[in-house]
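Here's the structure, in structure tokens; my notes come after.
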Amino acid sequence: MTTTETRRRLRDATKKSWAEPWKIKMVEHAHWTTREYRAQCLAEAGYNTFLLRSEDVYIDLLTDSGTSAMSDHQWAGMMLGDEAYAGSRNFYTLEAAIQKYYGYKYIVPTHQGRGAENILSQIYIEKGDFVPGNMYFTTTRLHQELSGGTFVDVIIDEAHDPQSLHPFKGNVDLDKLEALIAKVGAEHIPYVCLAATVNLAGGQPVSMQNARELKALCARHGIPVMMDATRAVENAYFIQQREPGYGDKKIAEILYEFCSYTDGCTMSGKKDPLVNIGGWLALNDYEKFEEARNMVVVYEGLHTYGGMAGRDMEAMARGIEESVDDDYMRSRIGQVVYLGQKLLDWGVPIVQPIGGHAIFLDARRFYPHIPQDQFPAQALAADLFLEGGVRAMERGIVSAGRDPATGDHRYPKLELVRLTIPRRVYTQAHMDVTAEAVEETFWMRDRATGLRMIYEPKYLRFFQARFERM
Ligand SMILES: *Cc1c(COP(=O)(O)O)cnc(C)c1O
């Protein structure tokens with residue numbers, strides 16, 4: 001470490017408050033509405049926050065997907081879009097950024113994360129295969145199932161307990177994985193899907209040690225490890241903060257090492273990479289890459305744009321570089337922790353430890369009187385909008401969907417409402433207003449009622465399902 005660096009670190013360590021390493025150059029107006037108006041909006045939206053109009057929302061915490069604010073540097077890059085059909089200069093810039101920070105060899109661009117999941121699933125999974133993963137993700141599991149695979153949850157038990165304070169609740173339980181390999185045989189496991197961080201567990205990280213041991217175990221059986229890298233930079237921040245031996249390392253170094261224990265990844269550029277649209281599939285195996293590169297022209301576009309404009313690829317290349325900045329990531333997760341700590345201080349039940357991209361309200365403890373098949377988290381998300389104009393998302397029984405074999409609801413242990421913080425969009429004052437809306441809803445919890453589902457789409461039902469009050 002240089003002397004300036006040491007001095008800077010010392011200064012940082014003694015600094016009590018943090019602030020974002022940027023200032024605001026442009027604003028977008030948001031409007032406050034009346035409770036009466038919001039009640040009408042909710043009824044029209046079938047009590048599904050996905051069906052609300054954005055202009056009716058005051059603070060939009062539906063998702064951190066594609067909702068990031070781009071920097072002036074990224075916007076400047078948009079003007080450098082090379083919109084050639086083939087061989088756009090921006091593709092090569094993006095490819096180089098991914099290779100530099102994530103370390104993978106071959107890159108296939110896609111329109112967003114699920115485009116990459118579709119291709120990965122199709123080229124790896126055969127009918128009857130099993131795909132172990134550290135908790136499911138909605139689109140990821142659906143693509144595995146559409147390719148004839150069965151998802152198997154191999155996350156540690158602590159992940160399913162919203163009150164467990166385990167520092168790496170995203171870890172894979174290697175005994176569960178070993179048992180699965182013994183049961184079905186390595187030849188029926190096309191890859192292990194490693195999500196870092198784990199969205200549905202509450203944005204919980206995976207430790208470096210777990211990734212290293214997972215890689216060693218899989219290598220013994222000839223099974224590749226594919227990462228869902230949507231929030232791998234946030235995961236690297238948690239390793240820096242919590243794992244012995246990593247406190248002095250830069251997030252960029254940690255990210256690179258973490259990726260080195262995996263054989264490829266799917267990426268939603270709409271999360272960590274700080275853009276509004278885009279994604280990619282990365283692979284280290286050349287033959288599989290050739291298959292993927294052939295498949296991308298069927299579903300996404302030519303292999304040098306994959307559904308993105310040249311300008312989008314330039315913005316993403318620049319976003320990747322900005323996303324690994326230590327000060328940025330500290331303020332990003334610092335803001336999430338600020339909101340979460342406020343709610344904890346007020347006794348509101350949330351998932352702990354506080355995760356990377358969102359605060360998850362524990363609807364089971366929030367609305368203990370509403371049975372799970374009356375959709376307590378869905379009802380809570382609706383009530384939160386009604387009270388405070390804050391839009392959140394259900395992550396419970398509605399998101400879990402139905403078991404394709406039995407047709408019954410899946411009953412997940414976690415029944416959560418996600419308050420997702422967009423990157424570089426809201427201020428601390430917005431977090432205060434959000435916390436007050438949650439608190440108000442919490443005080444009125446005894447009066448809350450459940451919902452009845454009146455329309456259910458076949459796939460990913462949480463996006464478009466409609467409800468009415470019981
Ligand atoms: C958002 C997300 C995806 C899918 O990415 P899209 O860009 O929305 O298609 C996959 N996995 C995780 C963990 C995600 O959060």
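One-based numbering, in listed order, for ligands and for the atoms of each. Just so you know, residue 1 is the first one in the sequence shown, and it goes up from there.
- A donor-acceptor contact closer than 3.5 angstrom is absent between the side chains of Ser268 and Gln112.
- Using a distance-only test at 3.5 Å, with no hydrogens or angles considered, a donor-acceptor pair links the side chain of Asn134 to the main chain of Ala195.
- Salt-bridge formation is not detected for the pair Glu321/Arg318: no Lys NZ or Arg NE/NH1/NH2 atom is positioned less than 4.0 Å from an Asp or Glu carboxylate oxygen.
- With hydrogens left out, the protein atom closest to atom 6 (P) of ligand 1 is Gln112 NE2, 3.3 Å, a heavy atom.
- For atom 5 (O) of ligand 1, the closest heavy atom belonging to the protein is Ser268 CB, 3.3 Å.
- Ligand 1 has an N or O atom lying under 3.5 Å from an N or O atom of Gly113, backbone or side chain.
- Salt-bridge annotation for Arg212 and Glu257: present, with a side-chain N of the basic residue lying under 4.0 Å from a carboxylate O of the acidic one.
- Ligand-side atoms of ligand 1 in range of Arg114: 5 (O), 6 (P), 8 (O), 9 (O), range being under 4.0 angstrom from any heavy atom.
- Interface atoms of ligand 1 facing Lys270, defined by a heavy-atom separation under 4.0 Å, are 7 (O).
- Distances below 4.0 Å separate heavy atoms of Arg231 from the following atoms of ligand 1: 13 (C), 14 (C), 15 (O).
- Regarding atom 12 (C) of ligand 1, its nearest protein heavy-atom neighbour is Asp228 OD2, 3.3 Å.
- Counting only heavy atoms of the protein, atom 10 (C) of ligand 1 lies nearest to Glu117 OE2, 3.1 Å.
- With atom 1 (C) of ligand 1 as the reference point, the heavy atom nearest to it among His111, His143, Lys271, His357 is part of Lys271.
- There is a side-chain donor-acceptor pair under 3.5 Å between Glu394 and Ser399.
- Under 4.0 Å is where a charged nitrogen must lie from a carboxylate oxygen, and between Arg330 and Glu20 no such pair does.
- In terms of polar-atom proximity, defined here as any N/O pair under 3.5 Å, Thr139 makes no such contact with ligand 1.
- Looking only at distances, no side-chain donor or acceptor of His221 sits under 3.5 Å from a matching main-chain atom of Ile223.
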